[in-house]
Number of protein chains: 6
Amino acid sequence: MIPFQMIVFLVIFLQSYTGLAYDPDPVNDYCIPRTEFSSIFLSCKNTSLVTVDDFIYSGIKDPGNFKHTGFSSIPVSSTVFPGLNTLGMSFVRADFDVDGVNVPHFHPRATETAFVLEGKIYSGFVDSGNRVFAKVLEKGEVMVFPKGLVHFQMNVGNSPATILGSFNSQNPGLVKIPSAVFGTGIKEELLMKAFGLNDKEIAKLRKKFVPQ
Amino acid sequence: MIPFQMIVFLVIFLQSYTGLAYDPDPVNDYCIPRTEFSSIFLSCKNTSLVTVDDFIYSGIKDPGNFKHTGFSSIPVSSTVFPGLNTLGMSFVRADFDVDGVNVPHFHPRATETAFVLEGKIYSGFVDSGNRVFAKVLEKGEVMVFPKGLVHFQMNVGNSPATILGSFNSQNPGLVKIPSAVFGTGIKEELLMKAFGLNDKEIAKLRKKFVPQ
Amino acid sequence: MIPFQMIVFLVIFLQSYTGLAYDPDPVNDYCIPRTEFSSIFLSCKNTSLVTVDDFIYSGIKDPGNFKHTGFSSIPVSSTVFPGLNTLGMSFVRADFDVDGVNVPHFHPRATETAFVLEGKIYSGFVDSGNRVFAKVLEKGEVMVFPKGLVHFQMNVGNSPATILGSFNSQNPGLVKIPSAVFGTGIKEELLMKAFGLNDKEIAKLRKKFVPQ
Amino acid sequence: MIPFQMIVFLVIFLQSYTGLAYDPDPVNDYCIPRTEFSSIFLSCKNTSLVTVDDFIYSGIKDPGNFKHTGFSSIPVSSTVFPGLNTLGMSFVRADFDVDGVNVPHFHPRATETAFVLEGKIYSGFVDSGNRVFAKVLEKGEVMVFPKGLVHFQMNVGNSPATILGSFNSQNPGLVKIPSAVFGTGIKEELLMKAFGLNDKEIAKLRKKFVPQ
Amino acid sequence: MIPFQMIVFLVIFLQSYTGLAYDPDPVNDYCIPRTEFSSIFLSCKNTSLVTVDDFIYSGIKDPGNFKHTGFSSIPVSSTVFPGLNTLGMSFVRADFDVDGVNVPHFHPRATETAFVLEGKIYSGFVDSGNRVFAKVLEKGEVMVFPKGLVHFQMNVGNSPATILGSFNSQNPGLVKIPSAVFGTGIKEELLMKAFGLNDKEIAKLRKKFVPQ
Amino acid sequence: MIPFQMIVFLVIFLQSYTGLAYDPDPVNDYCIPRTEFSSIFLSCKNTSLVTVDDFIYSGIKDPGNFKHTGFSSIPVSSTVFPGLNTLGMSFVRADFDVDGVNVPHFHPRATETAFVLEGKIYSGFVDSGNRVFAKVLEKGEVMVFPKGLVHFQMNVGNSPATILGSFNSQNPGLVKIPSAVFGTGIKEELLMKAFGLNDKEIAKLRKKFVPQ
């Protein structure tokens, strides 16, 4: 009758929370979200419960599985690596099969620096004056993609390639142009007018990008 | 005798600078860029030379000329209205002919609030989870487009329509998806793979958007 | 048996919380506060519960009721339009009867751009060097009021006038000088000294602005 | 004939500038503006020319001269103490004669913490809901005035009093309500309506605050 | 008997929350954390429960007790003075016995302005180019320590000395070099290599700074 | 002969400039500093002169030369890679010989994410409560060092190791504890008191770190 668990639960809750922190300028050293409630409140683990493992991420040692474009990415935001919470940074591992493509996309909330770990990668971005800056990068080279601008990459070497991207936001966001435009329910006439395509052409594009 | 080099030097200098300004937190009441040198240095007019007209913009009383998509916009950033410099805001007047379309686009550096001055406008945006939020807005309604997300509009009424958009950046930037993707020199193979189109289809799209 | 204290505790909790504050730089696409608990915790609705109506505001199609100064305003901050939460913008509709006055006031947390929807409006602000920048604006003109500076408006035309103001904060705040200074309990002697008025004069002013 | 000094001047100029820094988040350790050109360009002294004296201010050891309200203040922004440039802080020394008053005012760009160095000071602020928070502070007590809110002080002790105020902006700005409202050229009718005063009363107030 | 609704309510609550966003620019006048729950949620007191005492701190009228280095400090962050919450400032009172030393330390999240209330204090900082800026300050002088740089102080007068420090963060943080480096469990070999000391010398230093 | 206009022009220029305002949020897509004047003014290259190479850095393909601690680092801030200007990011390549040590240090203006490119590296940081978080990282693991906190690394494997660090500032700054404390001119007595060492011990440490 008495919801005993709830009492226990609330008591624990009352005792193990610490404070809060904000981004971009943190107001604490760090703020590890409490895993059991991270889906409800913005709350930090009591610092005595924080361990070194909260600040280490081991999930990008190996590439992910390639998708149909010969591309695989493992984005690591504060959602999957809570130690990044309030610290204003995150990162991504991107792997490219031969000819693999990272489709034109942008991050609404961050600049990216992309370091080539392996391979030869055609890499570029478009500025808001519609000028393309693109070049083939080699292992050890770094390219910067300014905040919010459309960028893209393609493996132009003869073997798989890998990139390590870093972001100046704990959650940079990701908008992939093809699926955002053709894989969502934007009115057909609007897309026809916008791209100068007929209904069949739009329908064909939609088929590819609307999730089944 | 005449310091010729210096003249040359200054002339070059005057021609090849672009301009900068930062925000959100101003450290002065305002900073009207000095018009004669705004293209060279980041500098403010002496306050005694500032007049009320520096803070007023009169260029959006009337619509601009419609382009091929039945759409016309007059963006007013700090470049055309210097009084906005350091103040973290700017705006745009957008006019739509019947069926006119504002193609899918985004602003890399600002949220937008769009107020319908006249007409009925289908209006929406796509979030980074590829979900569309779209609806027909009537005169007097306001829609918010979150920072950096793709949005679009179409006049679905029987008469011209007008929108007043406001931004929380003095220079929000504008990336129009169709021309940024198909009107620039991104490698053809990359676009083919990214959109699942063949070379003829890409060529057709390019023809429309690459400036002649 | 029944954890009565807990019920009481939660009820109090629900009633005595106010709100929270943060950002220009969002870390999510958007964050619609959960309506049932928005008064207790800063929490976002699950994105699957968010609808397009969360991003549209329809409450400023018509003017509000004029007050004694022939003025009416409908401020729309994140409090009344939760879709603005974390997005760094808000707005206001202001209507002026003939001779109507928007008294000298300022917004502690935002710059304002004011667009004249209708009418002729004398409009201005005072900088921190006590210089006034004021002029009569016509329909379609825009004036910018820098962050935190005192500004004011008066309908100087022969018919009602309307302004749409936009702010670069989700909650700009509003301090109306007459009521903030004379309508609150600031020590009488301090006001006498500050304004060089005698006790009767201060008393007269107070009568007008202290809420009954 | 040859403007030799100018050549020398430019050469020096080219050699002794270092970089730039921004506020609130600096991008250098510090940036001491170059005194000879501080009025033209935002430029930092070459670090080798920076001395410890650039970071020390000695001008508030003694009070300033009392004005007619029995009040004297020495505001120290980055304008008078260049070492504060880009560091996001500044301060003020305020001295009060017996009954001296610091008139209702606000700082558009900063929160203030005010520490009582000497005396008993009635001190308070008005929030944007027109609620006054005021109390008599004693030596050693500290009051915080939130960003952009109207605040005021009066010496209510029997001897002079002193306050040290600190700000979280290198240039907080200062708007004194009486002179900003009545000492500037705001249209008379607007003020009459706003304060419910007749033309003689407004004229009387204006006389006091308009600089002669 | 069983508060069924509450269980349901909490379960829903646990499942439907998403995330948050923040920043140093406040979006309310102030936000006094609710004392009974401040350790659990980031929540503000209902403004009707806020009193003037929430904005006043009276705990630094007198010096604290001197420690072994002849130094005593009372840091006042938002943790001990909740009225500072969201307002971006905090402060510290530091007292020095004759020869008292404030060991080399830094604040990871703030610039500091230090005002000498009493005494003669040798005071300085080291920039990131390893240059020291140090000097003896007298009563009434102010020194600024740029954000994140190592600084230090020593009473070089014949009587006790006092400093009032102000910070542009509600929680600047404090890292004391000797204890952070030698009083923690950093691997011995690393410290030996880093400081060029042998194991006995490191052991001696550790003994002093590792808490017993 | 005498360029009179230029003199007049400069004189006017000198007299009519006022000030500036800034922030980390960029207001342009990018801003490549003009190389010939980057040491004088904050100015961007005309966008037509910007090339893709401005956004690519090729200088960290190979390790630098090891110093006496068996450590080598190539920090890449906006100073050496101008394309980073205004974009809020930078990076570093760090190489470790066997037993090589990156001495305790911190970055005053940035969080760091460190990715292990090769080797086994003992890596850790100290929070402001003097707690150490340290562990041996393997190839492909990432550790985050919160903004402004002291951190350190040592190669504990049998072969050279390499790390790629990323920062959320274009110029994070670097303070190496041993040289900042013992290699600068901080008063000897202060250091003796601070570290509990005698004059010979301090002298020995100084010898190691004061540049000859």
Side-chain angles (χ1 to χ4, degrees), chain E residues 68-71 99-110 122 124-132 134 146-150 152-154 156 171-187 189-197 201 204-205 207-211, chain F residues 68-71 99-110 122 124-132 134 146-150 152-154 156 171-187 189-197 201 204-205 207-211:
Chain E
H68 67 289
T69 54
F71 176 72
D99 295 331
V101 162
N102 189 0
V103 305
H105 66 282
F106 66 94
H107 307 284
R109 291 179 293 276
Y122 167 76
F125 72 90
V126 183
D127 74 9
S128 61
N130 275 350
R131 191 157 159 229
V132 167
K147 194 175 182 177
L149 298 189
V150 172
F152 48 82
Q153 292 155 323
M154 183 166 63
V156 293
N171 183 18
L174 169 61
V175 177
K176 298 192 174 199
I177 301 290
S179 50
V181 173
F182 298 111
T184 52
I186 301 176
K187 222 184 241 295
E189 304 148 71
L190 192 155
L191 292 178
M192 286 167 60
K193 276 217 152 186
F195 289 90
L197 296 175
E201 290 165 324
K204 186 182 157 193
L205 278 160
K207 218 188 224 162
K208 282 172 201 138
F209 295 105
V210 173
Chain F
H68 67 290
T69 55
F71 176 72
D99 293 331
V101 162
N102 189 359
V103 306
H105 66 282
F106 66 95
H107 308 284
R109 290 179 292 277
Y122 166 76
F125 72 90
V126 182
D127 75 9
S128 62
N130 275 351
R131 192 158 158 227
V132 168
K147 194 176 184 177
L149 297 190
V150 172
F152 47 83
Q153 290 155 325
M154 183 166 64
V156 293
N171 184 17
L174 170 61
V175 178
K176 298 192 174 199
I177 301 290
S179 51
V181 173
F182 298 111
T184 52
I186 301 176
K187 220 186 243 293
E189 305 146 71
L190 192 154
L191 292 178
M192 286 166 61
K193 276 218 152 185
F195 288 89
L197 296 176
E201 291 165 324
K204 186 182 156 193
L205 279 160
K207 218 188 223 161
K208 282 172 200 138
F209 295 105
V210 174

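Order of the sequence lines fixes the chain letters, A, B, ..., with proteins taken first and strands second; residue numbering starts at 1 for each chain.
A heavy-atom distance below 4.5 Å is not found between the side chains of F:Phe195 and E:Val103. Here the side chains of F:Leu205 and E:Leu197 are in contact, with some heavy-atom distance below 4.5 Å.
Using cut-offs of 30° and 60° for the angle between ring planes, the E:Phe106 and F:Phe106 rings count as parallel.
We find the CG-NZ distance between F:Asn102 and E:Lys193 to be 12.0 Å, quoted to the nearest 0.5 Å. With rounding to the nearest 0.5 angstrom, the CD atom of E:Glu189 is 4.5 Å from the CE atom of F:Met154. Residue E:Asn130 holds its CG atom at 9.5 Å from NZ of F:Lys176, rounded to the nearest 0.5 Å.
When the shell of 6.0 Å around NZ of F:Lys208 is examined, it contains more than 12 heavy atoms from other residues, nucleotides or ligands. Residue E:Lys204 qualifies as enclosed at atom NZ: its count of foreign heavy atoms under 6.0 Å is above 12.
Contact count against chain F (heavy-atom pairs under 4.5 Å) is highest for E:Gly196 among E:Gly124, E:Gly196, E:Pro104, E:Pro211. The greatest number of non-hydrogen atom pairs below 4.5 Å with chain F, out of E:Ala134, E:Ala194, E:Gly185, is found for E:Ala194. Chain F forms more heavy-atom pairs under 4.5 Å with one residue of E:Leu191, E:Thr184, E:Ile177 than with any other, namely E:Thr184. Between chain E and the residues F:Ser179, F:Gly173, F:Gly70, the most heavy-atom pairs under 4.5 angstrom are made by F:Ser179. Counting heavy-atom pairs closer than 4.5 Å to chain F, the top-ranked of the candidates E:Val150, E:Leu149, E:Val101, E:Asp127 is E:Val101. The candidate with the highest count of non-hydrogen atom pairs below 4.5 Å against chain F, out of E:Glu201, E:His107, E:Arg131, is E:Glu201.
Closest heavy-atom contact between E:Lys147 and F:Pro108: O-CB, 3.9 Å.
Within the 4.5 angstrom heavy-atom criterion, only backbone atoms of E:Gln153 (N, CA, C, O) approach chain F.
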Any chance you could lay out the side chain to side chain contact (heavy atoms under 4.5 Å, CB included) test for E:Val175 and F:Ser128, step after step, and finish with the verdict? CA-CA 5 Å; E:Val175 177; F:Ser128 62; 4.1 Å; yes
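Formation of a donor-acceptor pair under 3.5 Å by the F:Tyr122 side chain with backbone atoms of E:Leu190 is not found in this model.
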